[in-house]
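Inspection log for the structure reproduced underneath, given as structure tokens.
Note: hydrogens, waters and symmetry copies are ignored here, and every other heavy atom, side chains too, is used.
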Amino acid sequence: MRIATWNVNSLNARLDFVLGWLEDRRPDAVCFQELKLTTEAFPYAALEAAGYRASVYGQKSWNGVAVLTREPAELVSTGLPGAEAAGARLVTARVGEWTVASVYVPNGKTLVHPDFELKLDFLARLRSHVESTVDRSRPYILGGDFNVAHTDRDSFDPDATRDAIFHTEPERRALDALLGTGLVDLQRELEPDTRVFSWWDYRGGSFHKNEGLRIDLLLASPPARARATKVWVDRDYRKKKGELTPSDHAPVVADFG
DNA sequence: ATGGCGCAGCCACTGCGA
């Protein structure tokens with residue numbers, strides 16, 4: 001079983017790039033974020049031709065999440081109760097014995113922007129949602145763009161970014177609280193000390209300089225963690241492919257025995 | 001070897017992303 005998460009930064013703009021990646025990596029399930037299209041406009045046909053079905057929660061222009069699966073899946077839920085104003089940012093699907101959820105946590109914009117409080121509220125509601133609705137005694141993966149650099153190790157320059165957005169104590173403690181429900185960060189479980197990023201700014205040659213952040217995470221329930229054999233950032237797919245432009249996020253991939 | 005912002009929209013600038 002191979003499960004991945006990937007903020008694609010517009011599925012329409014990225015479709016050919018994504019199809020190439022699916023053919024190359026052959027994941028069984030993928031959490032997509034930032035579809036930037038409505039549920040109706042989702043490219044179901046192109047993905048079905050590639051061997052995938054999709055559980056989708058989209059909206060026009062912004063946000064939008066999906067869980068792509070090779071096997072037929074049951075759509076469990078869309079949206080996060082109480083966080084409707086934040087847009088389409090959570091979808092959960094069940095495939096076989098696995099439950100897979102894709103989340104796109106609000107960016108927050110700046111520390112003094114109203115969206116920053118919305119971000120903290122979203123993370124708190126996400127914790128409550130997991131606590132009350134997810135059976136953590138079964139294989140469960142919450143994959144997504146959390147827009148938080150959890151520790152100093154997850155940032156290219158911990159000193160320069162100290163207390164900057166994505167790095168503040170309230171954001172980090174909100175992620176701690178989510179993990180307090182019993183989920184674990186797979187990357188840190190399997191590779192506690194590896195300095196690895198999942199996002200690099202398009203601007204200023206950030207990727208070339210490896211000035212990135214690790215903000216895309218695969219969170220796992222104990223049974224899912226127990227089966228995990230490998231987790232990695234698919235850095236090659238942050239690179240341009242011929243004429244195809246990459247997302248500013250790389251896929252994060254995990255394999256399970 | 002790679003890359004130097006990119007995407008959506010009542011559009012050619014602006015808002016947003018992180």
(request) Look at the side-chain N and O atoms of A/T245 and state whether any lies under 4.0 Å from the OP1 or OP2 oxygen of B/dG6. (result) no
(request) With the side chain of A/Y202 defined as its heavy atoms from C-beta on, choose the nearest nucleotide among B/dC7, B/dC5, B/dC16. (result) B/dC5
(message) Using whole Å, what does the distance between atom C1' of nucleotide B/dA8 and atom CG of A/D248 come to?
(response) 15 Å
(message) Taking A/D248 first and then A/R238, would you say they form a salt bridge - that is, a charged N and a carboxylate O separated by under 4.0 Å?
(response) no
(request) Using distance alone, with no hydrogens and no angle criterion, decide if A/N63 and A/K36 have a side-chain donor and acceptor under 3.5 Å apart. (result) no
(request) State whether A/F207 and A/K209 meet the cation-pi test: NZ (Lys) or CZ (Arg) under 6.0 Å from the six-membered ring centroid, and within 45° of the perpendicular axis. (result) no
(request) Using a heavy-atom cut-off of under 4.0 Å over every strand shown, decide if A/R14 touches base, sugar-phosphate, or nothing. (result) sugar-phosphate
(request) Nearest whole angstrom, please: distance from the P of B/dC5 to the CG of A/N9. (result) 15 Å
(request) Scan every strand shown for a Watson-Crick or G-U wobble partner of B/dT2, both distances under 3.5 Å, and answer none if you come up empty. (result) none
(message) Output the rounded distance in Å from OH (A/Y237) to P (B/dT2).
(response) 13 Å
(message) Here's a test of your reading of the structure: between A/S206 and A/N12, which maps to the more 5' nucleotide of DNA chain B?
(response) A/S206
(request) Kindly say if A/K239 contacts the phosphate of B/dA1, meaning a side-chain N or O under 4.0 Å from OP1 or OP2. (result) no
(request) Using a strict 4.0 Å threshold on nitrogen-to-oxygen distance, state whether A/R89 and A/E84 make a salt bridge. (result) no
(request) May I ask you to say what A/G204 touches in the nucleic acid, namely base, sugar-phosphate or nothing, with a heavy-atom cut-off under 4.0 Å? (result) sugar-phosphate
(request) Taking atom C1' in both B/dC10 and B/dT14, compute the distance separating them and give it to the nearest angstrom. (result) 14 Å
(request) State whether A/R238 places a side-chain N or O below 4.0 Å from either non-bridging phosphate oxygen (OP1 or OP2) of B/dT2. (result) no
(request) Go ahead and name the base partner of B/dC11; Watson-Crick or wobble counts if both distances stay under 3.5 Å, otherwise write none. (result) none
(request) Look at the aromatic rings of A/F32 and A/W6 and report parallel, tilted or perpendicular, splitting at 30° and 60°. (result) tilted
(message) What I want to find out is whether A/E48 reaches A/R53 closely enough, with some N-O distance under 4.0 Å, to be called a salt bridge.
(response) no
(message) Could you tell me how far B/dA1 sits from B/dG6 if I compare only their C1' atoms? Round to whole Å.
(response) 23 Å
(request) Under 4.0 Å between any heavy atoms, over every strand shown, what does A/N7 touch: base, sugar-phosphate, or nothing? Just pick one. (result) sugar-phosphate
(request) With C1' as the reference atom in both, quote the distance from B/dC16 to B/dC11 in angstrom, rounded to an integer. (result) 15 Å
(message) Just N and O in the side chain of A/K240: are any of them under 4.0 Å from OP1 or OP2 of B/dG3?
(response) no
(message) From the set B/dA8, B/dG17, B/dG3, return the single nucleotide nearest to any side-chain atom of A/F207.
(response) B/dG3
(message) Taking the minimum atom-to-atom distance to the side chain of A/H208, which one of B/dA1, B/dC7, B/dC5 wins?
(response) B/dA1
(request) Describe the nucleic acid contact of A/I215 in one word from base, sugar-phosphate, nothing, applying a heavy-atom distance below 4.0 Å. (result) sugar-phosphate
(request) Between A/S10 and A/G108, just flag the one whose closest nucleotide in DNA chain B comes earlier from the 5' side. (result) A/S10
(request) Determine the Euclidean distance between corresponding P atoms of B/dG4 and B/dG9; express it in Å to zero decimal places. (result) 24 Å
(message) I need the A/M1 CE to A/F256 CZ distance, nearest 0.5 Å.
(response) 8.0 Å
(request) Whole angstrom is fine here: how far is it from NZ in A/K60 over to C1' in B/dC10? (result) 9 Å
(request) Among B/dG3, B/dG17, B/dG15, find the nucleotide with the atom closest to the side chain of A/W62. (result) B/dG15
(message) Nearest whole Å is fine: how far is B/dG15 C1' from A/K36 NZ?
(response) 10 Å
(message) In whole Å, I'd like the distance from the CG atom of A/N63 to the C1' atom of B/dC7.
(response) 13 Å
(request) Round to the nearest Å and state the distance from A/D201 atom CG to B/dG4 atom P. (result) 10 Å
(request) For A/H249, answer base if it contacts any base atom (sugar-phosphate contacts may also be present), sugar-phosphate if it contacts only those atoms, and nothing otherwise; contact means non-hydrogen atoms under 4.0 Å. (result) sugar-phosphate
(request) Quickly work out the A/Y104 OH to B/dC16 C1' distance and round it to whole Å. (result) 8 Å
